[in-house]
Every structure is written in C-alpha cells, then in structure tokens.
*Asks:* 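The following block contains the structure, expressed as structure tokens.
Per chain, numbering begins at 1; letters A, B, ... match sequence-line order. For clarity, every value in this text was computed on a predicted model and none was experimentally measured.
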Amino acid sequence: MEQPDPLIHQPVRLKIMAALKALPVGELIEFVRLKAIVAATEGNLGAHITTLEDAGYVVVEKDFVAKRPRTRMMLSKQGRRAYDDYLDYLREIIALSES
Amino acid sequence: MSLSSEEAAKSLSQAEEARKRSSELYFYHRSSPHLILWGTIWVIGYGGTGLFPSYSDYLWDALVVIGVACGFWVSRCRGSTTGPKAWRLVALAAIIIFFVSATYSIMRPHFAAQFCAYPALITGSVYMAIGLWSGLRYVVTGAAVVALTLAGFYFIDPHLYLFWMAAVGGGSMILAGLWFRTV
C-alpha cells in the first residue's frame with residue numbers, strides 16, 4: 001500500500017482540501033468563509049494554505065473590493081487529483097481491515 | 001507511515017464534515033441574491049396590489065417576468081447557469097407558476113386573501129423542503145414565511161392583509177437573503 005500524501009495528511013489541511021473540493025471546478029472561496037468551515041485561527045489557516053499553495057494544490061487570488069483586500073482560493077487540478085488519491089488511500093485501509 | 005482503520009475512518013469523517021459544511025455555505029451564498037430579488041418583488045407586488053387592486057393582474061404578470069429574467073441574469077453573472085442548467089431554472093419557475101395558476105383554476109378561491117396567501121404558503125413549504133437537504137437556514141426561512149402568512153390570514157384585518165404580506169412576507173425573504181450572505 002502507498003504512503004499517505006504528507007501534505008494532506010494533517011487535520012486542518014485535510015479540511016481545507018475537502019472544503020475546496022466541494023466547490024464546482026474554478027469556483028473560488030473567500031478566506032473568511034473557509035475559516036468558518038475549517039474552524040481554525042487566521043494565522044494557522046494562512047500557514048496551511050501557504051503550504052498547500054507551495055505544493056501546487058491550491059491557487060490563491062488576492063484583489064481589492066471597495067478598497068478592502070480580499071483573498072480567495074480554489075483547488076488546482078493537481079490538488080483535486082491528490083485529494084482524490086488521498087481519499088482512495090483512506091478507503092483502501094478501511095476496506096482491507098474489513099476483509 | 002501507516003494508518004490504522006480507525007484513524008482512516010476518522011479522517012474520512014472529518015473530510016466529509018468539511019465537504020458538507022462547504023456545500024451548505026456555498027448554496028446559501030448562491031441563493032442569497034435570489035431571495036432578496038423575490039422578496040423585493042413580493043414587496044412591490046403585494047404593496048402595489050393593495051394600492052391599485054384593479055391593476056394587480058398586469059402588475060404580477062410583469063413582476064413574474066421581471067423576476068424570472070433577473071434571476072436568470074443573476075445566475076448567469078455568477079457563472080452558475082451555463083448550458084442546460086439555465087433552462088432548468090426557467091423550467092422550474094414555469095412549473096411553479098403553472099401549478100399555482102392551475103390550482104386557482106380548479107379550486108376557485110373566494111377571497112382576495114386566499115389568492116395572496118396561497119403562493120406564499122407554497123413558497124414557504126418549498127423552502128422548508130429544500131432545507132431538508134440543503135441546510136437549516138432554508139427550513140427557518142420557509143417556516144417563518146408560512147407562519148407569518150397564516151398569522152396574517154387569520155389575525156390581520158383583510159383590508160390590510162396585502163400590506164402585511166408586502167412588509168412581512170417580502171421583508172422576511174429579504175432578511176433571509178441578507179442572512180444567507182453571512183458566513
């Protein structure tokens with residue numbers, strides 16, 4: 001059996017990936033909404049997003065709306081594939097233990 | 001690194017919880033402008049009917065067309081209606097309008113208040129049903145619309161019922177739309 005992806009195999013990052021995967025392809029989510037879903041502090045969430053962005057799993061877009069900064073993000077194609085592989089890995093472990 | 005099946009199950013459960021919450025908030029956010037739009041249409045429609053009863057048919061015909069067109073436009077601007085999905089929204093609106101009109105034709109309500117209350121009761125009930133799958137906020141909104149519609153029907157002076165529906169029915173939908181915009 002393969003090893004789990006260490007970038008996703010962390011509770012906060014797993015939640016981030018799951019929350020982003022739930023959105024339609026190309027749909028961005030705002031940082032504040034993601035923070036509410038993941039229930040992490042701003043600094044903690046920011047650090048994990050940077051890790052995922054550096055890995056190429058997450059695309060981050062920053063802009064201004066009515067002079068206020070806005071940070072939005074979405075899963076990259078690579079991130080979607082990595083997340084699917086990670087879930088397959090988890091399901092495989094459960095299936096093996098049941099057989 | 002190896003995981004036990006319990007750890008794997010726990011991780012799957014956490015992922016599923018985050019997915020569900022994300023989908024729910026996404027749906028709220030997407031439907032928010034539509035609630036505000038139709039709440040505004042209710043305010044204008046019921047208020048206008050109360051002020052100019054003889055023009056109510058023309059007013060509602062125009063408002064429904066405007067509502068469907070604006071709803072279509074809002075969805076398109078936000079990228080949620082491309083291809084066949086766009087036609088589903090228009091088809092859904094047509095089905096609801098057909099259902100309400102057909103029921104009026106068969107049941108033939110006797111009082112103006114019955115004409116006013118019926119679409120609101122249908123709308124509130126549909127919202128509650130949607131909420132069973134899509135989130136508690138829809139259930140609360142639908143229950144509020146139904147409760148306020150019935151409260152007005154039974155306890156408000158019939159001459160004031162249209163204005164009650166404009167203020168309370170339309171107002172509650174606008175408030176719900178604003179609530180849906182919050183995180």
*Asks:* May I ask whether Val146(B) and Phe99(B) are part of the same hydrophobic cluster, defined by side-chain heavy atoms of I, L, V, M, F, W, Y residues being less than 4.5 angstrom apart, directly or through others?
*Replies:* yes

*Asks:* Establish whether Leu162(B) and Ile122(B) are linked, either directly or via other cluster members, by ILVMFWY side-chain heavy-atom contacts under 4.5 Å.
*Replies:* yes

*Asks:* What is the minimum heavy-atom distance between Arg33(A) and Arg181(B), and which atoms define it?
*Replies:* NH2-O, 3.6 Å

*Asks:* Do you know the tightest heavy-atom contact between Ser5(B) and Ile94(A)?
*Replies:* O-CG1, 4.0 Å

*Asks:* Go through the structure and list residues passing side-chain contact (heavy atoms from CB on, under 4.5 Å) with Gln114(B), not counting sequence neighbours.
*Replies:* Pro109(B), His110(B), Phe111(B), Phe153(B)

*Asks:* Check which hydrophobic residues are tied to Phe98(B) through side-chain heavy-atom contacts below 4.5 Å, counting indirect links as well, and list them.
*Replies:* none

*Asks:* Could you list which of residues 14-25 of chain B have a heavy atom closer than 4.5 Å to any heavy atom of chain A, in residue-number order?
*Replies:* Gln14(B), Ala15(B), Ala18(B), Arg19(B), Arg21(B), Ser22(B), Ser23(B), Leu25(B)

*Asks:* List the atom pairs, with distances to 0.1 Å, where a side-chain N or O of residues 165-175 of chain B and a protein N or O form a donor-acceptor pair under 3.5 Å, not counting sequence neighbours.
*Replies:*
{"unit_1": "Ser172(B)", "atom_1": "OG", "unit_2": "Val168(B)", "atom_2": "O", "d": "3.0"}
{"unit_1": "Ser172(B)", "atom_1": "OG", "unit_2": "Gly169(B)", "atom_2": "O", "d": "2.9"}

*Asks:* Would you check if Leu3(B) and Tyr89(A) make a side-chain contact, meaning some heavy-atom pair closer than 4.5 Å?
*Replies:* yes

*Asks:* Heavy-atom distance under 4.5 Å to chain B: side chain of Lys21(A), backbone, both or neither?
*Replies:* neither

*Asks:* Which pair of non-hydrogen atoms, one from Leu14(A) and one from Ser11(B), has the smallest distance, and what is that distance?
*Replies:* CD2-O, 3.3 Å

*Asks:* Applying the 4.5 Å side-chain criterion to the ILVMFWY set and letting contacts propagate, would Ile36(B) and Val145(B) be lumped into a single cluster?
*Replies:* no

*Asks:* Hey, are the side chains of Tyr26(B) and Glu27(A) touching, using non-hydrogen atoms and a 4.5 Å cut-off?
*Replies:* yes

